[in-house]
Every structure is written in C-alpha cells, then in structure tokens.
Amino acid sequence: MAAAGGGRLRRAASALLLRSPRLPARELSAPARLYHKKVVDHYENPRNVGSLDKTSKNVGTGLVGAPACGDVMKLQIQVDEKGKIVDARFKTFGCGSAIASSSLATEWVKGKTVEEALTIKNTDIAKELCLPPVKLHCSRKERVRNSSLNILMEVY
C-alpha cells in the first residue's frame, strides 16, 4: 500500500511541475561571468602542460594548494648549467583563471635566469590576463614558482 501511495505522490508531483508556470531559461541560469580572451586562450590552449623528470638534478618542483578555492598547482622548471630556465611544465587542478595563470607563468619563465624569473609577480600575471579582482588569488601561485626556483638556486 505504501509503495502504491509513493508512486501516486511522484506522479502528482510531476504533474504539478508540468503545470507550474515556467521561467525563461535566462532567469534560471547564473549570471554569465565573462573572462578576457587571454584567459580563455590559455585555458582552452594551455601551454607547457605536463611533467619533467623530477629525479633530474637540474629540475625543481614546487606544489601549492589554495584551501579557499581548492586550486592545486604543480610547477616544474629545468635549468641549464648557466642558470637559465630551459623548460617549464605545470599541472593545475582548478578554475580557468588558475590554469591560465599557470600556463602564462611557464611561458614567462622560459628563457630567463632564475634571478630574472624571481622578479615576476602575481600582479604582473593578473594584469596580463586582465583577471577580475575576485580571481586575483588564482595568479598568486608565485609561491610554487618561488619554491621551484629556490630549490634550484640551492642546487647551483
């Protein structure tokens, strides 16, 4: 008897939903958040995704997470004997802004010396990507960059 009553209630609820006035889809959806084309480009076509050989003596690895939003980033850099960054790779779990910031950071550090790369600030990345203020934390992964670079500075 209870099972029969449960089926009747489901049908009644479905019928009520079908008869209720419908809101236009645009009123039901969340407001659109528009990202700058640079963010979209780095998100859809991320540069330097992957890993380097972490056992290599000239590769430094940094890992950081942002508890506030759940973003996690791993950044690796490979440095030649002159202290020049010859390769950089990243893996990021997070929003589009975090992925774009990671991608851009790898582009910027390649070809620089470790000391030059240390001068890059998260605000530089945020400005280049035109990140809105609410997304500035996504570019603050310089802790990873700095930890990778500091590891390498100890090696050389």
Side-chain angles (χ1 to χ4, degrees), residues 6 10 13-14 17 22-156:
R10 274 193 298 278
S14 295
L17 285 173
R22 303 275 181 188
L23 290 173
R26 69 179 183 280
E27 292 180 30
L28 292 174
S29 63
R33 176 168 286 158
L34 300 176
Y35 288 100
H36 192 274
K37 63 184 177 182
K38 291 179 183 180
V39 174
V40 174
D41 179 43
H42 276 277
Y43 173 74
E44 290 180 346
N45 308 294
R47 285 67 149 179
N48 309 305
V49 175
S51 296
L52 298 170
D53 180 9
K54 65 181 177 184
T55 62
S56 178
K57 68 177 185 172
N58 64 340
V59 171
T61 302
L63 181 68
V64 71
C69 63
D71 293 348
V72 177
M73 176 193 173
K74 178 179 86 169
L75 175 72
Q76 293 181 299
I77 55 175
Q78 182 178 10
V79 178
D80 67 11
E81 61 281 347
K82 295 178 184 175
K84 186 176 177 182
I85 299 170
V86 292
D87 202 1
R89 301 281 176 202
F90 81 94
K91 286 187 179 180
T92 295
F93 175 80
C95 67
S97 298
I99 292 167
S101 295
S102 303
S103 175
L104 182 63
T106 61
E107 291 267 287
W108 279 7
V109 299
K110 284 170 121 181
K112 291 187 175 4
T113 64
V114 172
E115 291 76 22
E116 291 169 336
L118 284 168
T119 65
I120 299 171
K121 297 181 178 76
N122 69 302
T123 51
D124 300 330
I125 292 170
K127 184 177 180 180
E128 177 67 21
L129 293 174
C130 304
L131 292 178
V134 72
K135 289 293 185 177
L136 286 180
H137 68 277
C138 298
S139 67
R140 289 201 177 112
K141 306 302 190 248
E142 83 269 1
R143 288 174 292 176
V144 172
R145 177 184 50 80
N146 286 343
S147 64
S148 297
L149 296 173
N150 289 334
I151 290 166
L152 288 172
M153 287 178 74
E154 291 174 17
V155 172
Y156 289 98

Task: Side chains of Lys112 and Lys84 in contact at under 4.5 Å (non-hydrogen atoms) - done: no

Open item on the list: If you compare all heavy atoms of Ser51 against all heavy atoms of Gln76, which two are closest, and at what distance to 0.1 Å?
Closed with: CA-OE1, 3.2 Å

Open item on the list: Evaluate Lys110 against Asn48 for side chain to side chain contact (heavy atoms under 4.5 Å, CB included), listing each step before the verdict.
Closed with: CA-CA 10 Å; Lys110 284 170 121 181; Asn48 309 305; 2.8 Å; yes

- [ ] Using modelled atom types only, decide if a donor and an acceptor are shared between the side chain of Asn58 and the backbone of Asp80 within a distance under 3.5 Å.
- [x] no

TODO: For the pair Ser103 (side chain) and Arg47 (backbone), establish whether a donor and an acceptor sit closer than 3.5 Å, ignoring hydrogens and angles.
DONE: yes

- [ ] Quick one: closest heavy-atom pair of Gly94 and Ile99, and the distance?
- [x] O-CD1, 3.7 Å

Open item on the list: Regarding Asp53 and Arg89, does a basic nitrogen lie under 4.0 Å from an acidic carboxylate oxygen?
Closed with: no

Open item on the list: If we ignore hydrogens and angles and just use 3.5 Å, is the side chain of Glu116 paired with the main-chain N or O of Thr113 as donor and acceptor?
Closed with: yes

Open item on the list: Could you tell me if the side chain of Met73 sits less than 4.5 Å from the side chain of Leu63, heavy atoms only?
Closed with: no

TODO: Might you work through the side chain to side chain contact (heavy atoms under 4.5 Å, CB included) test for Val79 and Val114, ending with a clear yes or no?
DONE: CA-CA 8 Å; Val79 178; Val114 172; 4.0 Å; yes

TODO: Check whether any side-chain heavy atom of Ile125 sits under 4.5 Å from a side-chain heavy atom of Trp108, and report yes or no.
DONE: yes

Task: Leu129 vs Ser101 side-chain heavy atoms within contact, under 4.5 Å - done: yes

Open item on the list: Does any part of the side chain of Ile77, heavy atoms only, come nearer than 4.5 Å to the side chain of Val109, both counted from C-beta?
Closed with: yes

Task: Note, Thr106 side chain near Leu75 side chain (heavy atom, < 4.5 Å) - done: yes

Task: Minimal non-hydrogen separation, Gly96 against Tyr43, with atom names - done: CA-CD1, 3.5 Å

TODO: For the residue pair Pro46 and Val49, establish whether any side-chain heavy-atom pair is separated by less than 4.5 Å.
DONE: yes

Task: Polar side-chain atom of Asn45 near backbone of His42 as donor-acceptor pair, under 3.5 Å - done: no

Open item on the list: Closer than 3.5 angstrom, by distance alone: can the side chain of Gln78 be matched with the main-chain N or O of Val59 as a donor-acceptor pair?
Closed with: no

- [ ] Supply the atom-to-atom distance Thr123 OG1 to Glu128 CD, rounded to the nearest 0.5 angstrom.
- [x] 12.0 Å

